[in-house]
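Just so it is clear, the structure is predicted and the values come from calculations on it, not from any experiment.
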Amino acid sequence: MRPTNRKGNERMAKSPNKLSASEAILRMSQKRLKARDLVEACLDRIELREGQVHAWEALDADGARKRADMLDKRARPVGPLHGIPLAVKDIISTRTMPTTCGSPIYRDHVAGRDAACVTQLVNAGAIVLGKSVTTEFAGAHAGKTHNPHNLRHTPGGSSSGSAAAVADTMVPIGYGTQTSGSVIRPGAFNGVVAYKGTYGWADTTGIKTYAKSLDTLGFFTRTANDLALIRAAYGHAPADPPLHAPRIGFCRTLWWDQAEPYNRKNIEVAARTLRAGGAKVREWEMPDSWGPLITAHNRVMTKEATQHYGPERARFPHLLSPGLTASLEVGDSVTSAQLADAKKRKRRALADLAQVWERFDFLLAPAARGEAPAGLGYTGDPIFNRFWTLLGTPCIALPFNAGPFGLPLSVQLIAPLRHDDQLIAWARWVEARLT
């Protein structure tokens, strides 16, 4: 995947840490940027802002510098992410840095090996800069990170540190994981591109599990084109650029009235803008039978969490947050009949969705209720993410405009299962028209 070169003179004025991954790779391919210079620019930004944003759990500055120097000596790029620094969410294992999972239980835990998803990008030339803050076990109990657009507001969760670090130009790419809305929602709150892949698209070995049938790897970037580079690192060829305008299903969802009025208006503006750009935009009404999917998702999530956190519960109950303890107690109460019903509703909804893709290339829907809420104790409501996560569809959040407090707003794109690369191609089309 060749990175794009847009608005050349304007982009050249950027400090290296402000470049998208695509722009940085282009500069390095033209011998106008070294990986070491990019790493130093990111570290300088972290030194300037980390005391306010608190996006990082640990940094490996010396290791990143050594790796950058090694890459700069090579005659050819190692892979599609050659020289690009990464923020690794702190439920994802790394060889030398602690993996705390946002919990005092694992405060000094060092896995001794990289997770499979880290190895994948390192083999493609990327540089691990450090571990980014996660909420406790990627659940709802907030971490220490602030929203860089307004430090009094949440960055969302659970992938709070990665989203904030990319938004604040500390790093071009950050890892996330999603069990409810832990990639798309922080992406929306921080005004960055966020991608949650099709369930099972990437090996999750070395990632602390919350709910095995839901947990999905994702990423934060500055442009949709950067997602194509990440997918290339996994061996996926980019989809061909669209030759026709997309058929977009405007999906308000059954929870439309729970979105803030200004956000509803913003998504309608996005739909009109894309229609004016040539897209065929038609409404798609979500079936009423999808209403129980929120409950179905919560039952699957909490029940599976009780299975995965049994050891921590037994040995360190006093070190679990009250919120996580309450969630696990909900999981205890889920019966086998309720779990079977949840899985049946998922199958029926997927059958409904299969017919939708005969009419539309992707759906346009809310990514969050609105702007990031004020305060740091609440990471926001995943109401517009839960059902897509349950169904396993690939989703992308793209920034579009700002709300009444000047914080970012976003739209969400949803595509058929295993059509991730096509969705990224469409996201580039949408991005160009919403910018």
For A233 and L121, the nearest pair of non-hydrogen atoms, with its separation, is CB-CD2, 3.6 Å

Q.
Tell me whether R49 contacts the main-chain N or O of P148 through its side chain, where contact means a donor paired with an acceptor under 3.5 Å.
A. yes

Within the 4.5 Å heavy-atom criterion, are P98 and R107 side-chain neighbours or not?
no

**Request:** Report yes if the side chains of L364 and V411 come closer than 4.5 Å at any heavy-atom pair, otherwise no.
**Result:** yes

Discussion item. For a quick check under 3.5 Å, do T198 and D420 share a side-chain donor-acceptor pair by atom type?
Written reply: yes

Is it true that atom CD of E268 has more than 12 heavy atoms of other residues, nucleotides or ligands lying nearer than 6.0 Å?
-> yes

Open item on the list: Could you check whether N225 and R428, counting side-chain N and O atoms only, form a donor-acceptor pair closer than 3.5 Å?
Closed with: yes

Self-check item: Short side-chain to backbone donor-acceptor contact, Q412 and F384, under 3.5 Å
Solution: yes

- Does the side-chain contact (heavy atoms from CB on, under 4.5 Å) test come out yes or no for L413 and C395, once each step is laid out? CA-CA 6 Å; L413 313 182; C395 306; over 6 Å; no

| More than 12 heavy atoms of other residues, nucleotides or ligands under 6.0 Å from NZ of K144: is that the case? | yes

Would R67 and V122 count as a side-chain contact (heavy atoms from CB on, under 4.5 Å) here? Give the steps.
CA-CA 10 Å; R67 169 115 172 120; V122 169; 3.7 Å; yes

Do D168 side-chain atoms and V53 backbone N/O form a donor-acceptor pair below 3.5 Å? no

In short, salt bridge (Lys or Arg N to Asp or Glu O under 4.0 Å) pairs touching residues 172-186 with sequence neighbours left out are none

Across all chains, not counting sequence neighbours, the side chain to side chain contact (heavy atoms under 4.5 Å, CB included) partners of R347 are K343, K344

Review point. Under 6.0 Å from the CG atom of D332, do we count more than 12 heavy atoms belonging to anything else shown?
Key: yes

When rounded to the nearest 0.5 Å, the distance separating CD1 of I248 from CG of L274 is 4.5 Å

- Would the number of heavy atoms belonging to other residues, nucleotides or ligands and lying under 6.0 Å from OH of Y378 be above 12? yes

Spell out, as yes or no, whether a donor-acceptor pair under 3.5 Å connects the side chain of T216 to the backbone of L214. yes

Sorted by chain and number, sequence neighbours left out, side chain to side chain contact (heavy atoms under 4.5 Å, CB included) with A140 holds for none

Residues 108-122 vs side chain to side chain donor-acceptor pair (under 3.5 Å), sequence neighbours excluded, gives none

T393/L353 under side-chain contact (heavy atoms from CB on, under 4.5 Å): CA gap, chis, key distance, verdict: CA-CA 10 Å; T393 55; L353 206 52; 3.7 Å; yes

Test side chain to side chain donor-acceptor pair (under 3.5 Å), reference D215, set T179, T204, T389, T177, output is T179

Y309 ring center near Y210 ring center (under 6.0 Å): yes

key: E329/R313 ion pair, N-O < 4.0 Å   = no

How about R275: does its CZ atom have over 12 heavy atoms from other parts shown lying under 6.0 Å from it? yes

Checking R369 side chain against Q258 main chain: does a donor-acceptor pair fall under 3.5 Å? yes

Checklist entry - Got more than 12 heavy atoms from elsewhere within 6.0 Å of CZ, R95? => result no

Requested in this report: Assess the pair H244 and W426: is the distance between their ring centroids shorter than 6.0 Å?
Outcome: yes

Residue pairs meeting side chain to side chain donor-acceptor pair (under 3.5 Å), one or both in residues 125-139, sequence neighbours left out, come to D90-K131, T94-K131, T99-K131, S132-S162, E136-S321

Are there over 12 heavy-atom neighbours, none belonging to D240, within less than 6.0 Å of that residue's CG? no

_Pair T205-D203, side-chain donor/acceptor within less than 3.5 Å_ = yes

Answer whether the closest heavy-atom distance between the side chains of F387 and T253 falls below 4.5 Å. yes

Evaluate the side-chain proximity of Y175 to V118: yes if any heavy-atom separation is below 4.5 Å, no if none is. yes

So the salt bridge (Lys or Arg N to Asp or Glu O under 4.0 Å) pairs with at least one residue in residues 348-358 (sequence neighbours excluded) are none

- Message: Can you confirm whether the side chains of D226 and T223 place a donor and an acceptor under 3.5 Å from each other?
- Response: yes

Is the NZ or CZ atom of R433 both under 6.0 Å from the centre of the six-membered ring of W429 and within 45° of that ring's axis? yes

Check whether any side-chain N or O of T306 sits under 3.5 Å from a backbone N or O of K303 as a donor-acceptor pair, and report yes or no. yes

task: Check whether any side-chain heavy atom of H146 sits under 4.5 Å from a side-chain heavy atom of Q52, and report yes or no.
output: no

V39 side chain near L129 side chain, heavy-atom distance below 4.5 Å:
yes

When you look at M301 and R386, which way does the side-chain contact (heavy atoms from CB on, under 4.5 Å) test go after all the steps?
CA-CA 10 Å; M301 179 180 69; R386 285 181 179 271; 3.9 Å; yes

Quiz item: With side chains defined as the heavy atoms from C-beta onward, is the minimum distance between K89 and S158 less than 4.5 Å?
Solution: yes

Separation between OG (S410) and CG (N266), nearest 0.5 Å, reads 9.0 Å

Classify the angle between the aromatic ring planes of Y106 and F137 as parallel (below 30°), tilted (30 to 60°) or perpendicular (above 60°). perpendicular

- request: Please check if the side chain of T154 supplies one atom and the backbone of P373 the other of a donor-acceptor pair under 3.5 Å.
  value: no

In terms of heavy-atom contacts, A21 and L229 come closest through C-CD1, 4.3 Å

Margin query: Please check: side-chain N/O of S159 versus main-chain N/O of S182, any donor-acceptor pairing under 3.5 Å?
Written below: yes

Practice problem: Give a yes or no on whether the backbone of A55 and the side-chain of E50 come within a donor-acceptor separation of less than 3.5 Å. | Solution: yes

Which of F360, W357, W290, F362 passes ring pair (Phe, Tyr, Trp, His ring centres under 6.0 Å) with W284? It is W290

- Query: Would one find more than 12 heavy atoms of other residues, nucleotides or ligands at under 6.0 Å from atom CD of E285?
  - Reply: no

Side-chain heavy atoms of L81 within contact of I173, under 4.5 Å: yes

Scanning both residues in full, the closest heavy-atom pair of A314 with P317 reads O-CD, 3.9 Å

Inset, instruction - Check whether any side-chain N or O of E371 sits under 3.5 Å from a backbone N or O of L409 as a donor-acceptor pair, and report yes or no. - result: no

Please assess W201 against Y195 for the test ring pair (Phe, Tyr, Trp, His ring centres under 6.0 Å), listing each intermediate value before the final yes or no. CA-CA 12 Å; W201 80 275; Y195 161 66; 5.6 Å; yes

